[in-house]
Amino acid sequence: KNNIKIGLNQLFQTKRDNKNKRLIEIDLYSYYSFDNDKKDQSSDYLHADAMFSLNDYLSVDYLAAIDVYDNKSPYMMTRLRYNNSSIDLFLSHLKLRNNKSLFSTKLELSPREDLVIDSYLRYNEEENNIEQASITGYITNCCFEYGVGYRLSSRNEHQVIFSLRLSSF
């Protein structure tokens with residue numbers, strides 16, 4: 001694939017605690033294809049990514065693609081994130097062209113330095129069901145995180161998860 005990304009990135013900064021901090025970043029771009037076949041229609045979309053940092057802990061993201069020929073969007077996503085030393089929380093809404101609307105949340109709690117609890121939930125508004133839910137607990141020992149958890153999918157599949165993550169070198 002011979003594509004080039006063409007766009008504009010704009011960054012606005014502010015002063016917080018006597019330091020320059022990111023306030024808003026906006027990225028508008030598209031792709032130009034040098035290939036003759038039009039199988040990949042990505043050049044027909046204008047992509048928009050925006051992030052607004054309300055403070056050092058709270059931010060809002062917006063992602064979308066707009067078809068430049070029919071003025072419709074295959075996807076739009078809005079996400080709110082709260083992050084501090086012991087809590088990392090994402091709340092997001094994904095709207096797809098076929099009117100499928102997905103809400104999801106991800107929560108990571110670190111009550112102690114050696115313990116992490118990670119949970120995820122995705123809800124399909126159109127079908128009025130939970131597509132996926134999971135919870136995993138991790139214990140840190142040296143440079144590894146050992147985890148055990150549970151996952152439920154929309155097909156009513158139940159899974160027990162065993163996980164090993166490298167946390168540092």
Side-chain angles (χ1 to χ4, degrees), residues 1-34 40-69 71-97 99-125 131-140 142-145 147 149 163 165-169:
K1 220 158 119 164
N2 298 304
N3 288 344
I4 186 170
K5 181 178 175 180
I6 301 170
L8 171 69
N9 181 279
Q10 184 66 51
L11 175 64
F12 298 94
Q13 293 183 324
T14 188
K15 266 230 198 284
R16 290 188 196 134
D17 298 326
N18 222 10
K19 296 178 186 172
N20 287 337
K21 301 282 182 139
R22 175 174 289 163
L23 178 65
I24 300 172
E25 184 172 3
I26 301 170
D27 196 12
L28 299 172
Y29 60 93
S30 187
Y31 293 96
Y32 177 79
S33 176
F34 292 100
D40 180 17
Q41 300 292 323
S42 62
S43 62
D44 297 343
Y45 293 107
L46 175 64
H47 300 269
D49 299 349
M51 187 184 85
F52 178 52
S53 298
L54 300 166
N55 57 36
D56 289 340
Y57 306 109
L58 192 60
S59 64
V60 177
D61 297 332
Y62 176 78
L63 309 166
I66 298 172
D67 187 322
V68 294
Y69 295 108
N71 202 25
K72 293 183 180 173
S73 177
Y75 70 89
M76 288 185 288
M77 182 174 173
T78 308
R79 180 173 55 198
L80 176 69
R81 180 180 188 191
Y82 176 80
N83 184 4
N84 72 19
S85 61
S86 62
I87 298 174
D88 195 2
L89 173 65
F90 284 97
L91 301 171
S92 66
H93 176 238
L94 175 63
K95 182 81 169 175
L96 301 173
R97 177 177 276 181
N99 287 330
K100 188 174 187 178
S101 188
L102 301 173
F103 293 91
S104 61
T105 181
K106 182 177 182 346
L107 174 63
E108 190 172 288
L109 298 172
S110 304
R112 299 187 327 231
E113 190 174 302
D114 65 336
L115 177 65
V116 175
I117 300 166
D118 189 7
S119 66
Y120 177 77
L121 178 75
R122 184 172 60 223
Y123 173 76
N124 184 331
E125 183 181 42
E131 284 195 348
Q132 188 176 25
S134 69
I135 186 164
T136 307
Y138 295 93
I139 300 245
T140 303
C142 179
C143 55
F144 289 102
E145 291 179 353
S163 178
R165 301 193 301 194
L166 181 63
S167 59
S168 64
F169 287 103

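Source: prediction; values computed, not measured. When reading the values below, keep in mind they use all heavy atoms of this one structure, side chains included, and skip hydrogens, waters and symmetry mates.
Cation-pi check for Lys5 over Tyr29 is met; the charged atom lies under 6.0 angstrom from the ring centroid and within 45 degrees of its normal.
Residues Leu80 and Leu58 meet the side-chain proximity criterion, which asks for heavy atoms closer than 4.5 Å. Put simply, the side chain of Phe52 reaches to within 4.5 Å of the side chain of Leu23, judged on heavy atoms. A 4.5 Å side-chain heavy-atom check between Glu108 and Val116 finds at least one atom pair inside the cut-off. Counting only heavy atoms from C-beta outward, the side chains of Leu63 and His47 never approach each other to under 4.5 Å. Between Leu11 and Gln13, some side-chain heavy-atom pair lies under the 4.5 Å cut-off.
Nearest heavy atom pair, residue Ala48 against residue Leu28, reads CB-CD2, 3.6 Å. Shortest non-hydrogen contact noted between Ala65 and Pro74 is O-CD, 3.1 Å.
Contacts of Arg16 classified as side chain to side chain donor-acceptor pair (under 3.5 Å), with partners at least two apart in sequence or in another chain: none. The side chain to side chain contact (heavy atoms under 4.5 Å, CB included) check on Asn84 picks up Tyr57, Tyr82, Ser86, Ile87, with sequence neighbours excluded.
Summarising the geometry, atom CE belonging to Met77 is positioned 10.5 Å from atom NE2 belonging to His93; distances are rounded to the nearest 0.5 Å. Rounded to the nearest 0.5 Å, atoms CD1 (Ile139) and CZ (Arg112) are 6.0 Å apart. Taking CZ of Phe103 as the start and CG of Leu91 as the end, the distance is 11.0 Å to the nearest 0.5 Å. One distance of note links CD of Gln132 with CG of Asn124; it measures 12.5 Å at 0.5 Å rounding. From Leu115, atom CG reaches atom OG of Ser110 across 7.5 Å, with rounding to the nearest 0.5 Å. Rounding to the nearest 0.5 Å gives a distance of 11.5 Å between OG1 of Thr14 and CG of Asn55.
Applying the salt bridge (charged side-chain N to carboxylate O under 4.0 Å, His left out) test to every pair with at least one member in residues 74-85, sequence neighbours left out, gives these pairs: Asp61-Arg79, Arg81-Asp88.
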Test log, rule side-chain contact (heavy atoms from CB on, under 4.5 Å), inputs Glu113 and Thr140: CA-CA 8 Å; Glu113 190 174 302; Thr140 303; over 6 Å; no

Starting from the C-alpha separation in whole Å, work towards a yes-or-no answer on side-chain contact (heavy atoms from CB on, under 4.5 Å) for Tyr45 and Val68. CA-CA 6 Å; Tyr45 293 107; Val68 294; over 6 Å; no

Please lay out, stage by stage, how Leu89 and Lys106 fare under the test side-chain contact (heavy atoms from CB on, under 4.5 Å). CA-CA 6 Å; Leu89 173 65; Lys106 182 177 182 346; over 6 Å; no

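Under the 3.5 Å distance criterion, the side-chain polar atoms of Thr105 are matched with a main-chain donor or acceptor of Phe90. With Ser92 contributing its side chain and Thr78 its backbone, the two residues share no donor-acceptor pair below 3.5 Å. Distance alone, capped at 3.5 Å, is enough to place a donor-acceptor pair between the Ser73 side chain and the Tyr75 backbone.
Contact check on Lys19 versus Asp17 returns no salt bridge, with no Lys/Arg side-chain nitrogen under 4.0 Å from an Asp/Glu carboxylate oxygen.
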